[in-house]
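Before any comments, here is the structure.
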Amino acid sequence: MSRPVSRVLTLLELLQSGGLRTVAELADRLGVGERTVRRYVDHLVDLDVPVESVRGRHGGYRLAPGHRMPPLMLTDDEALAVLLGLVAGRRTGITAAAGTAGETAAAKVRRVLPERLSHRLDAVLDSLTFTTAPAGSAAPEAAVLLPVADAVRHHRPVAIRYTGGRAGRGERTLYPYGLVAHAGRWYVTGRDLSAGAERTFRLDRISGARVLPGTFEPPPGPGPAERVLTALATAPYRHEVTVRVRGTAEELRALLPGSVAIVSAEGNGGEAARATGAETPGETAGAETPGEADGSEAPGEAAEVGAPGQAAGSGAPGEAAGAGAPGEADGAGGEPWCRVEIRAERLDWLPGVLASLDRPFVVERPDELRGLVADLAGRLMAAARHTPQDG
């Protein structure tokens, strides 16, 4: 590459690093005179790179928004960061690029990588493993994501066309409160004017979005992430589980899957506090992806989920599945009990979760869960009594 062309590309890299660059600074960095810098800028303008000239004592050059992407100059570390981000995003399903856009973007960057850098990237990818299974393709279309995000930012209504959910296919007008990425999927939550209630929609099941005139004022209360998690936790699943667990609401929030459990501290009027603790991989797989084993569509994965706060009522207390019932062992001044309501498509993952709490608990409903807990306890007792044979 000739030195003038190399310097023009270096000039582009300097301008892409951001901010206003004076002519004197650019001349010093390139090792040329100021007249040469101006000539290099003219070359970039001829290539449709949107270089903006700022006059005045503190003027200089900077990149302005253009009608298309100019050639992008990346350092070695920046190129690695972009490629690793694309790989991780595609693996987790969080990359906001439908179809092959993520793959073609990665291919373009890899095609121009220096050989030494390509070997470093291959070494990272060959030695990298993930603890979770690859997420399904749930990336939203850019034609949906961008207008919805614009409507959220400027508090404007948006018309969406969606497929799925309880109401089937149709068009809705939404006051969008926020975008939320959760468990490899994108959601938008807001007030559905057609239904007159708050709703949560999956972006990958929206086929079109159009920003409408007017504005709205977002309501006070929980943020978008909390609204989405609560909507998922209160969606109508196959099993409605009610368990009482000894401990404070704060302690249980840190132990239970945030998007499937509603924790209510007993004795405070039943005010529900959604569990927002960390999710372990096994819990998320059992609670967040119901229906995948038998092929049925889970409500929590539908395009539309009901409004927060629709938690199931408690059933009549049943026999104790865990150690101790409320008020029996702890006395009047003992540790408090909390009511935990969980909606799940399957029950097989719950006995292990309850056992991992290492706290006394009582299963109020369903009876089937009591049987599963008792079966797990029996298998654990049998394993504990087993004496291995020598030799």
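What you see is a predicted model, and the numbers here were worked out from it, not measured in a lab.
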Any donor-acceptor pair under 3.5 Å linking the side chain of [X] with the backbone of [Y]?
X	Y	value
R370	V363	yes
S356	V353	yes
R191	R199	no

Could you report the tightest heavy-atom contact between [X] and [Y], atom names first, then the distance?
X	Y	result
E335	G247	OE2-CA, 3.5 Å
C338	A265	SG-CA, 3.8 Å
A261	V340	CB-CG1, 4.3 Å
V152	G178	CG1-CA, 3.7 Å
A106	L83	O-CD2, 3.5 Å
P366	E240	CD-O, 4.0 Å

What distance do [X] atom [atom1] and [Y] atom [atom2] have between them, rounded to the nearest 0.5 Å?
X	Y	atom1	atom2	value
T163	R205	OG1	CZ	9.0 Å
L9	L44	CG	CG	8.0 Å
E13	R7	CD	CZ	15.0 Å
L229	I262	CG	CD1	9.5 Å
L125	R110	CG	CZ	6.0 Å
R246	L252	CZ	CG	12.0 Å

### Message
Just so I know, are the side chains of P224 and L179 near enough to count as touching, which here means a heavy-atom distance under 4.5 Å?
### Response
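P224 vs L179: side chains apart.
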
### Query
Between V188 and I206, is any pair of side-chain heavy atoms under 4.5 Å apart?
yes

### Task
Walk me through it: do R359 and L255 pass the test side chain to side chain contact (heavy atoms under 4.5 Å, CB included)?
CA-CA 11 Å; R359 295 173 178 274; L255 298 173; 4.0 Å; yes

What donor-acceptor contacts under 3.5 angstrom involve side-chain atoms of residues 15-30, with partners at least two apart or in another chain?
from: Q16; atom 1: OE1; to: M73; atom 2: N; distance (Å): 2.7
from: Q16; atom 1: NE2; to: P71; atom 2: O; distance (Å): 2.6
from: S17; atom 1: OG; to: L14; atom 2: O; distance (Å): 2.5
from: S17; atom 1: OG; to: R21; atom 2: NH2; distance (Å): 2.6
from: R21; atom 1: NH1; to: E25; atom 2: OE2; distance (Å): 2.6
from: T22; atom 1: OG1; to: E25; atom 2: N; distance (Å): 3.1

I'd like a table of donor-acceptor pairs (distance under 3.5 Å, sequence neighbours excluded) in which one partner is a side-chain atom from residues 207-215, with atom names and distances.
from: S207; atom 1: OG; to: R161; atom 2: O; distance (Å): 3.3

Transitively linked via ILVMFWY side-chain contacts under 4.5 Å: [X] with [Y]?
X	Y	value
V37	V54	no
L193	I160	no
L146	V144	no
L12	V45	yes
V180	Y177	no

### Message
Ring-plane angle category for Y175 and F216, please: parallel below 30°, perpendicular beyond 60°, tilted otherwise.
### Response
parallel

### Message
Could you walk me through whether V49 and H43 satisfy the side chain to side chain contact (heavy atoms under 4.5 Å, CB included) test, starting with their C-alpha distance in whole Å, then the side-chain angles of each, then the deciding distance to 0.1 Å, before giving a yes or no?
### Response
CA-CA 9 Å; V49 176; H43 291 330; over 6 Å; no

Can you give each donor-acceptor pair under 3.5 Å made by side-chain atoms of residues 372-385, sequence neighbours left out, with the distance rounded to 0.1 Å?
from: D375; atom 1: OD2; to: R379; atom 2: NE; distance (Å): 3.1
from: D375; atom 1: OD2; to: R379; atom 2: NH2; distance (Å): 3.3

### Message
With side chain to side chain contact (heavy atoms under 4.5 Å, CB included) as the criterion, how do Y162 and R202 come out once you've worked through the C-alpha distance, each side chain's angles and the decisive distance to 0.1 Å?
### Response
CA-CA 9 Å; Y162 68 94; R202 271 175 53 177; over 6 Å; no

### Query
Is the number of heavy atoms from other residues, nucleotides or ligands within 6.0 Å of CG (D46) greater than 12?
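Yes - once you tally the heavy atoms of other residues, nucleotides and ligands closer than 6.0 Å, there are more than 12.
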
### Query
Only one of V245, L354, L357 forms a side-chain contact (heavy atoms from CB on, under 4.5 Å) with L256, so which one is it?
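Considering V245, L354, L357, a side-chain contact (heavy atoms from CB on, under 4.5 Å) with L256 is found only for L357.
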
